Amino acid sequence: MEIMQELLNIPSPSHLLNSELLKNKQLKLWVKRDDLIHKDISGNKWRKLKYNIEAAKKQGNNQLLTFGGAYSNHIAATAAVGKVAGIKTIGVIRGNEFSSLNSTLTFAKENEMSLHFVSRNEYKRKTEDEFLKMLKDEFGPYFLVPEGGANEFGALGCAEILAEENEEYDFICCAAGTGTTASGILNALNENQKLLVFPALKGGDGLKSDILSYFNNANKESQLQMINDYHFGGYAKIKPDLVDFTNSFYEAHQLPLDLIYTAKMMYGLFDLIQKDYFPRQSKILFIHSGGLQGNEGFKNKGIKLIF
Ligand SMILES: *Cc1c(COP(=O)(O)O)cnc(C)c1O
């Protein structure tokens, strides 16, 4: 673990954003650059792995098994952490129809992750005891990290994101898939702060209760606001509008966003700012949770990004 800490850019820096719109609305917006934590171990995926790895080591287990889709940031990050920290990693991948490896899976393989492909139906059994035991019979004892690093250890690591910050922010914004990151941040809020969560997928009701449950966050429900209007049709769905925004945002700020999570959130945040959602003088912190490796998949499908 000590070797890891030295290689990581933690605490990650927070950059104040300059823009006419922010000036006009008298708002201040900082971006916390968790995307800069490590070139291959993207932002919140490191935060979520940190205490999972510690728990595995405590158990004397040097093999992590986890789950993900073929483009998963979590699969890429787990593979990279494993390689750097000398831990064996097994990735159970959704879908067995691939004839060649995409950029994410090639990367995972280069980092010595064993890839195990299962059908979409089998993949649905990822939390069933029987299925997990079958994997144990096949691979030997492993420490299970759930899909997306979504467990209490994951949330614990994400609580540290805010603990690193000194500025008194009024609003924190984060993107959500499983909600683990949001759960950690919510837990770390002081009583004057609000958390805005931007889901990258449709249908956020279950998500809200997950965010309240990884930690016992029930007493913080009033500080949590789900912003459900900016998923662009669902997980990994994009529209030309989003791509244009991401490119012009890069042009204006030299800040790369990932199309699945942080671009949708920034688009939504700027829309809310336009619509005067925030009181004047508010201080806002945008968590750039990383995920940039995922853009390669879109580029390979012909989506034009200028970075
Ligand atoms: C995985 C990921 C998320 C979602 O995090 P959860 O803890 O699953 O909600 C957000 N942003 C980026 C860039 C990610 O890669």
Side-chain angles (χ1 to χ4, degrees), residues 9-39 42-44 46-47 73 158 160-176 181-182 184-186 188-190 192-200 223 225-227 229-232 238-239 241-295 305-307:
N9 190 16
I10 286 181
S12 64
S14 292
H15 295 155
L16 185 62
L17 216 69
N18 259 320
S19 100
E20 279 306 306
L21 176 66
L22 292 166
K23 224 178 272 165
N24 291 340
K25 303 284 187 187
Q26 296 173 34
L27 299 172
K28 280 191 169 166
L29 171 61
W30 283 261
V31 177
K32 183 156 176 70
R33 300 291 307 273
D34 264 18
D35 59 311
L36 298 177
I37 285 181
H38 186 277
K39 71 178 179 29
S42 141
N44 69 339
W46 163 251
R47 305 275 186 188
N73 293 332
C158 292
E160 294 181 352
I161 298 173
L162 267 198
E164 292 170 13
E165 291 296 310
N166 299 317
E167 191 72 45
E168 285 287 309
Y169 303 107
D170 303 299
F171 296 91
I172 320 293
C173 302
C174 82
T181 306
I185 294 173
L186 182 62
L189 290 189
N190 72 35
N192 303 316
Q193 296 177 315
K194 282 217 150 61
L195 175 65
L196 307 189
V197 175
F198 294 72
Q223 290 172 265
Q225 185 64 53
M226 303 300 291
I227 307 287
D229 304 331
Y230 302 101
H231 56 66
F232 285 84
I238 58 167
K239 301 208 161 108
D241 212 19
L242 179 70
V243 178
D244 291 346
F245 172 83
T246 307
N247 279 329
S248 32
F249 191 82
Y250 183 80
E251 237 164 34
H253 305 287
Q254 286 73 55
L255 188 69
L257 299 168
D258 85 291
L259 289 171
I260 296 183
Y261 296 101
T262 52
K264 291 180 180 181
M265 168 167 57
M266 192 62 90
Y267 183 104
L269 177 57
F270 268 68
D271 196 44
L272 291 178
I273 291 171
Q274 292 276 13
K275 293 174 174 159
D276 291 316
Y277 180 92
F278 299 97
R280 286 176 188 247
Q281 313 302 337
S282 295
K283 293 179 177 180
I284 307 166
L285 180 68
F286 174 104
I287 310 293
H288 191 324
S289 32
L292 295 168
Q293 71 90 27
N295 283 349
L305 288 174
I306 59 170
F307 56 89

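Computed from a predicted structure; not experimentally measured. Residue numbers start at 1 and run along the sequence shown.
In this structure N190 satisfies the side-chain contact (heavy atoms from CB on, under 4.5 Å) test together with E168, N192, Q193, sequence neighbours excluded.
Shown are I287, V197, N44; of these, the side-chain contact (heavy atoms from CB on, under 4.5 Å) with I185 is made only by I287.
Shortest non-hydrogen contact noted between G291 and S42 is N-OG, 2.8 Å. In terms of heavy-atom proximity, E165 sits nearest to S12 at OE2-O, 4.3 Å. Pairing each heavy atom of T181 with each of C158, the nearest pair is CA-SG, 3.6 Å. Nearest heavy-atom pair across F198 and L269 is CE2-N, 3.8 Å. Of all non-hydrogen atoms in S19 and F270, the two that sit nearest each other are OG-CE2, 4.3 Å. The two residues L195 and C174 make their nearest non-hydrogen contact at CD1-SG, 4.2 Å.
Within the model, atoms OH of Y169 and CD1 of I284 stand 11.5 Å from one another, a figure rounded to the nearest 0.5 Å. Here the CG atom belonging to L285 is positioned 11.0 Å from the CG atom belonging to L196, to the nearest 0.5 angstrom. Separating the NE2 atom in H38 from the CG atom in L36 is a distance of 12.0 Å, to the nearest 0.5 Å. Note that CD1 of I172 and CD of Q223 are 10.5 Å apart. Values are rounded to the nearest 0.5 Å. Taken to the nearest 0.5 Å, the CZ atom of F171 stands 12.5 Å off from the CG atom of L29. A distance of 7.5 Å separates NZ in K32 from CD1 in I37, rounded to the nearest 0.5 Å.
Contact of the R33 side chain with the L255 side chain is registered, since non-hydrogen atoms from C-beta on lie closer than 4.5 Å. At a threshold of 4.5 Å between non-hydrogen side-chain atoms, the residues Y267 and D241 count as touching. Counting only heavy atoms from C-beta outward, the side chains of H231 and P199 never approach each other to under 4.5 Å. Contact annotation: the side chain of W46 never approaches that of D34 to less than 4.5 Å [non-hydrogen atoms, C-beta and beyond].
With N295 contributing its side chain and L259 its backbone, the two residues share a donor-acceptor pair below 3.5 Å. Between the side chain of Q225 and the backbone N or O of K194, no donor-acceptor pair lies under 3.5 Å.
Evaluation of the side-chain hydrogen bond (donor to acceptor under 3.5 Å, both in side chains) test over residues 271-290, restricted to residues two or more places apart or in two chains, returns K25-D276, Q26-Q281, E167-K283, Y230-D271, D271-K275. Listed by first and then second residue, the side-chain hydrogen bond (donor to acceptor under 3.5 Å, both in side chains) pairs involving residues 245-255 amount to none (not counting sequence neighbours).
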Evaluate the criterion side chain to side chain contact (heavy atoms under 4.5 Å, CB included) for residue pair L17 and F249; output intermediate values, then yes/no.
CA-CA 11 Å; L17 216 69; F249 191 82; 3.9 Å; yes

Verdict with supporting geometry, V31 and M266, side chain to side chain contact (heavy atoms under 4.5 Å, CB included):
CA-CA 10 Å; V31 177; M266 192 62 90; 4.1 Å; yes

Derivation and outcome, side chain to side chain contact (heavy atoms under 4.5 Å, CB included), residues K28 and L16
CA-CA 7 Å; K28 280 191 169 166; L16 185 62; 4.2 Å; yes

Kindly indicate, with the supporting measurements, whether the criterion side chain to side chain contact (heavy atoms under 4.5 Å, CB included) is fulfilled by N18 and L22.
CA-CA 7 Å; N18 259 320; L22 292 166; over 6 Å; no

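In this structure, a donor-acceptor pair under 3.5 Å is absent between the side chains of N73 and Y261.
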